[in-house]
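I have placed the structure first, in the form of structure tokens, so that the comments after it can refer back to it.
If you read the sequence from its start, that first residue is 1, and numbering goes on from there.
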Amino acid sequence: MPKSRIRKKDEFTPPPAKQATNISLASGRSWVAPLMLALFLIGLAWIVVFYVTTGDLPVQSIGNWNIVVGFGFIAAGFVVSTQWK
């Protein structure tokens with residue numbers, strides 16, 4: 001049986017080193033994180049104040065809808081969080 005030809009392997013040459021690129025985090029969206037946190041905290045504070053004052057504050061005339069208003073602020077915080085990069 002004939003002997004197969006042996007191929008020479010090329011020597012390993014590592015790929016060239018990649019240059020690190022700077023990522024700019026301040027791409028004009030520096031307002032997103034503070035606004036998001038502010039909306040979360042306002043919503044939480046609204047609900048806590050409503051429960052602590054047994055419905056007298058923040059707006060007595062809307063009654064239990066104060067909970068919906070508080071969750072509305074929190075939901076708005078989640079909507080703003082989608083803009084965060």
Side-chain angles (χ1 to χ4, degrees):
M1 183 173 263
K3 191 174 182 182
S4 62
R5 292 179 15 193
I6 298 174
R7 294 185 221 161
K8 289 186 174 182
K9 292 186 178 181
D10 293 335
E11 289 187 27
F12 175 74
T13 56
K18 293 184 180 181
Q19 296 292 333
T21 58
N22 291 336
I23 298 173
S24 176
L25 294 178
S27 62
R29 302 216 180 202
S30 59
W31 56 271
V32 174
L35 179 62
M36 175 185 67
L37 292 175
L39 288 170
F40 286 156
L41 292 176
I42 290 170
L44 179 65
W46 193 287
I47 294 170
V48 168
V49 167
F50 174 72
Y51 276 115
V52 169
T53 62
T54 62
D56 292 336
L57 291 175
V59 181
Q60 186 176 9
S61 62
I62 62 174
N64 287 336
W65 284 96
N66 281 303
I67 299 170
V68 175
V69 172
F71 278 115
F73 277 112
I74 294 171
F78 280 113
V79 169
V80 169
S81 72
T82 63
Q83 300 299 314
W84 195 8
K85 288 187 177 185

Exercise. Answer yes if Ile62 and Phe71 sit in the same cluster of Ile, Leu, Val, Met, Phe, Trp and Tyr residues linked by side chain heavy atoms under 4.5 Å apart, and no otherwise.
Key: yes
Donor-acceptor pairs under 3.5 angstrom involving side-chain atoms of residues 34-42: please list them, not counting sequence neighbours.
none

Quiz item: Does any pair with a residue in residues 41-52 pass side-chain hydrogen bond (donor to acceptor under 3.5 Å, both in side chains), and if so which ones, sequence neighbours excluded?
Solution: Trp46-Asn66
Quiz item: What's the shortest heavy-atom distance between Gly63 and Phe50, and which atoms?
Solution: O-CE1, 3.3 Å
Quiz item: Of all heavy-atom pairs between Leu57 and Thr53, which one has the smallest distance, and what is that distance?
Solution: N-OG1, 3.1 Å
Quiz item: Does the side chain of Asp56 come within less than 4.5 Å of Thr54's, by heavy atoms?
Solution: yes
Quiz item: According to a 4.5 Å side-chain heavy-atom criterion applied to Ile, Leu, Val, Met, Phe, Trp and Tyr, with indirect links allowed, do Val49 and Phe73 form part of one hydrophobic cluster?
Solution: no
Practice problem: Taking side chain to side chain donor-acceptor pair (under 3.5 Å) as the test, write out the residues that go with Gln83, two or more places apart. | Solution: Arg29
Quiz item: Should Val69 and Ile74 be counted in the same cluster of Ile, Leu, Val, Met, Phe, Trp and Tyr side chains packed under 4.5 Å apart?
Solution: yes
